[in-house]
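A quick write-up on the structure given underneath.
Residues: numbered from 1 along the sequence shown. Both ligands and their constituent atoms are indexed starting at 1 by order of listing.
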Amino acid sequence: MQISLRSQYPAKQIGLPGGKLELSWKVYGAPSGASQIAYELQSALDADFTIGVKMDQAKSSDSQYVVAPHEPIESREISFHRVRIETQNGWSDWSGVHVHETGLLSGAELIGLAIGDESSSTDAPPLLRKTFQITKPVRSARLYATAHGTYDVMINGAKAGDHILAPGWTPYPKRLLVDAHDVTNHLVEGENAFGVLLTDGWYRGKMSFFNMLDNYGKHSSFLGQIEIFYEDGSQEIITSDASWKTSTGGVRFASIYDGTTMDMTMAQPAWCKPGFDDSGWGPVSVREINKLILEPLSAPPVRVKEEIPMVLRQEADRVNLDGSQNISGWVRLTVDGKRGDKVVVRHAEILLPDKTLHTAPLRAAKATDTYILGKDGVQDLEPKHTFHGFQFADVVSDAKVLKAVAIAITSDNEDRGSFESSHKLLNKLHSNVLWSLRDNYVSIPTDCPQRDERLGWTGDAQAFIYAANTLVNENAFFRSWMKDLALDQFENGKVPMVIPDILEIQHALLPNGAPFPDDGTAGWGDAAVVIPWAQYLSFGDRQILVDQLSSMQKWVDYFSAYCVDGVFPAEMMQLGDWLDPDAPEDKPFLAKVSARYVASCYVSHSARILAGIESLVGSSANAEKYKTLGDSVAQATWNLLGAEARKSTTGCSLALEFEICPDSERSAVAAELAELVRKDKGAISTGFLGTPVIMDALSTNGYLKEAYSMLLREEIRSWLYPITVGATTVWERWEAIQPDGTPATGGLEGHAEGSEPSMISFNHYAYGAVIDWVYRNVLGVASKEPGYVSAVLAPRPVVGIESCKGSIETGYGSLAINWKLDGDALVALVNVPFGIVAELDLPVTESSSVSVNEHSAKNGDKLSHGEYQIRVTNASIVSTF
Ligand code: BGC
């Protein structure tokens, strides 16, 4: 038997927070029939478990988010943890050791000064530099760093660590993150150079559709230190301080939206190496950074995820590059040229029919990287501290373009789901949704990666959260972002539409006030409640419920207070079922279903979820209060608005999924929904809030045929149509490209001056929410109780899909299924990991017989860990219309 152990933090990350360490373990190779009846956890301060040993034993089957006996409360502390379990066969061996290294737990431990230069956001970004001597052998060394802006630390010419756009985007005045790296191997005996490239990033770079600069401040600054621990037991700390020097180099401009300009004739190639003559460099400016709000990074950083070779096509005046995948990132270009040659790379998600870049959807984001070569010969070009949303690029170049690679970045969440069926377009849909997730989880969950936006829209994150949980393990990422949501939540409970709330900051900066009036909007603000709940259901994480409880209460209290006689008022501006395909192109909030109904449904939904959360981690009085609220709003809403709502697919779907209509009317509403879907031949007629719920509203109410007809539809207004015209990510609008290849304009009212009047991204994940349904119904793997501790095996084969295999990497291990149709029988190989009990919910007909490992079985039977062969004769196979 083997046990692997992890904590709530990303694996292999150091410099983590202290406090409660929550451990989870996976058990492999347990004898069949065995189950965990007890566990023993040990923590120690040495790898041999002899110093500061603490242990906890419990008669319990728990194995997820179990609190370690040792709570790290000291900075820089390395603690060691292991577990063993007792089964009916006795105690196991110890697991592998989990090592936890804390960062600096109080910001004041970053003892240096924040430094920068006097540049403004339009000037060349500063290089900062200092040297120091090492005269004796080093045992280990750590770098701790943060910035107002984004930075790379260079030690002796090499970048420290692989984090991109550090320190990431948080509500900077309230929470600023400190990254940590093991830099032992960077240091040398003799002179060492500590260099920093400091750019504007989200801090003072151009942000939002208002394209405003200096949102968080006019000056960028860096704060960091290298802590050296010598073999002889002594220590030294090299900090950022007034002794540093500053200059500029090859990077003349770096902006997240606009790209970078790099003039390598101005580069100082050895600027971050020892021995460099910095006598011409000036003094740094010392700045204030509030050290009280510093915190160790707890989520995965942004990293390079994939490198994709691009195809080069020579046009008369340019070279067109195709990476075959819409990504977030940049192009690494290899050119052969001469000093002084200019190379300009522009990016776009799609090509127009005439094969030119379609840049209108970028609005004011220039997404252009410009280089002036600093030397002759073959050389690689890569931009700094920017990213673009693109599949295609055009290079206009004096130098010869030899090679191009698309570098895809993302917040480095571990993959969790895998899916492959016999249906090629469905597989591509899965891939497209996963790519949209990767491309849009860049430090925070964003709406899109290409235009002058890339903001943490709460509604998009909320709509997509169940799919996200199925595809990747982003629990640490969302714990961190939810913390930011609570920080940026208004006193009165209002949840902003974007987190970090840059729109509120811009509102304060703009002379004429509100750029974006908002009193809270349903489906967006509800991220406060829905996301923690989704994390609990998918990962079994109770802590996030505890941490977010007061934020959820505040939101529900605030938003429900608008209701009059249990129904949301009609007058209040809402985004509603945003981007309903039948809404006017330039008024995406004018959906078929009234925004008032949608908002009322969300009040009820969030109140009921909160009632459930209160009964788990809060008070029973509150549970009662919120349940009564949720029920009464549902009833009043249905009485007043139900008749109108049931005329639209989103209206019916919310009624069913959020239990707004009474039980007595469910079957009638479901039948009406199915009728609407049939009338539209399965064409999608829902927006951001209807789309994530329509499939379950159909399938759990007996309309699998209609659900599958929607899923497998290939004509326009469907999930698969975009793939038939080349999509590699999920689009913002269902009809973004017409069958003849013409892109829709995506016109939008009230756009910012100087930008294109359009809102049409080819990389928005909200509609990809359907992939969660695909895992539960096509693959047939679903969680029944939080964290998959009890799961359901429920594949629903359909004509057109003959086989499907895939898995979910749960906290217990891989829950996997591989099924295929054999004539009219369904045969499946299933793997249930230790700790999970999987219930059979197989597609049977009246004449089916079911066997598991050749023993007769039936639906409702439960499988504990092990591998199983399942056969269902005369299986029920859904047909589509
Ligand atoms: C974003 C959306 C967002 C919406 C709300 C758009 O510009 O891209 O995804 O939720 O605005 O207004």
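- Checked against the 6.0 Å centroid threshold, Y765 and Y441 count as a close aromatic pair.
- Of all the atoms in ligand 1, the ones that sit under 4.0 Å from a non-hydrogen atom of E732 are 8 (O).
- Figure legend: R479 and F539 shown without cation-pi pairing, the cationic atom not lying both under 6.0 angstrom from the six-membered ring centre and within 45 degrees of its axis.
- Residue K366 places its NZ atom among 12 or fewer non-hydrogen atoms of other residues, nucleotides or ligands, all under 6.0 Å distant.
- Residue F589 places every heavy atom at 4.0 Å or more from ligand 1.
- With distances taken over non-hydrogen atoms, the option nearest atom 9 (O) of ligand 1 out of D460, V498, D452 is D460.
- For a threshold of 3.5 Å applied to N or O pairs, the pair formed by R451 and ligand 1 contains at least one separation below that value.
- Remark: ligand 1 atoms within the under-4.0 Å shell around heavy atoms of W578 are 4 (C), 5 (C), 11 (O), 12 (O).
- A salt bridge is absent between D501 and K174; no separation between the charged side-chain nitrogens and carboxylate oxygens falls under 4.0 Å.
- Ligand 1 has at least one atom lying under 4.0 Å from a heavy atom of F688.
- Between F559 and W555, the ring planes lie parallel to each other; the angle is under 30°, not in the 30° to 60° tilted range.
- Taking a cut-off of under 4.0 Å to the non-hydrogen atoms of L575, the atoms of ligand 1 that pass are 5 (C), 12 (O).
- Geometric assessment of R438 against the ring of W435 yields a positive cation-pi assignment under the 6.0 Å and 45° thresholds.
- Considering CD of Q535 and CE of M482, their distance stands at 8.5 Å, rounded to 0.5 Å.
- Residue M497 places no heavy atom under 4.0 Å from ligand 1.
- Near H764, the atoms of ligand 1 lying under 4.0 angstrom from a non-hydrogen atom of the residue are 1 (C), 2 (C), 8 (O), 9 (O).
- Contacts of L455 with ligand 1, taken as heavy-atom pairs under 4.0 Å, are absent altogether.
- Proximity of R363 to ligand 1, defined as any heavy-atom pair under 4.0 Å, is not found for any part of the residue.
- Neither the backbone nor the side chain of F209 has any atom closer than 4.0 Å to an atom of ligand 1 (non-hydrogen atoms only).
- The atoms of ligand 1 that sit less than 4.0 Å from any heavy atom of W524 are 5 (C), 10 (O).
- Salt bridge annotation for E732-R451: present, with a cationic side-chain nitrogen under 4.0 angstrom from a carboxylate oxygen.
- Geometrically, ligand 1 and E453 share a nitrogen or oxygen pair separated by less than 3.5 Å.
- The six-membered or imidazole ring of Y767 lies away from that of F464, with a centre-to-centre distance of 6.0 Å or more.
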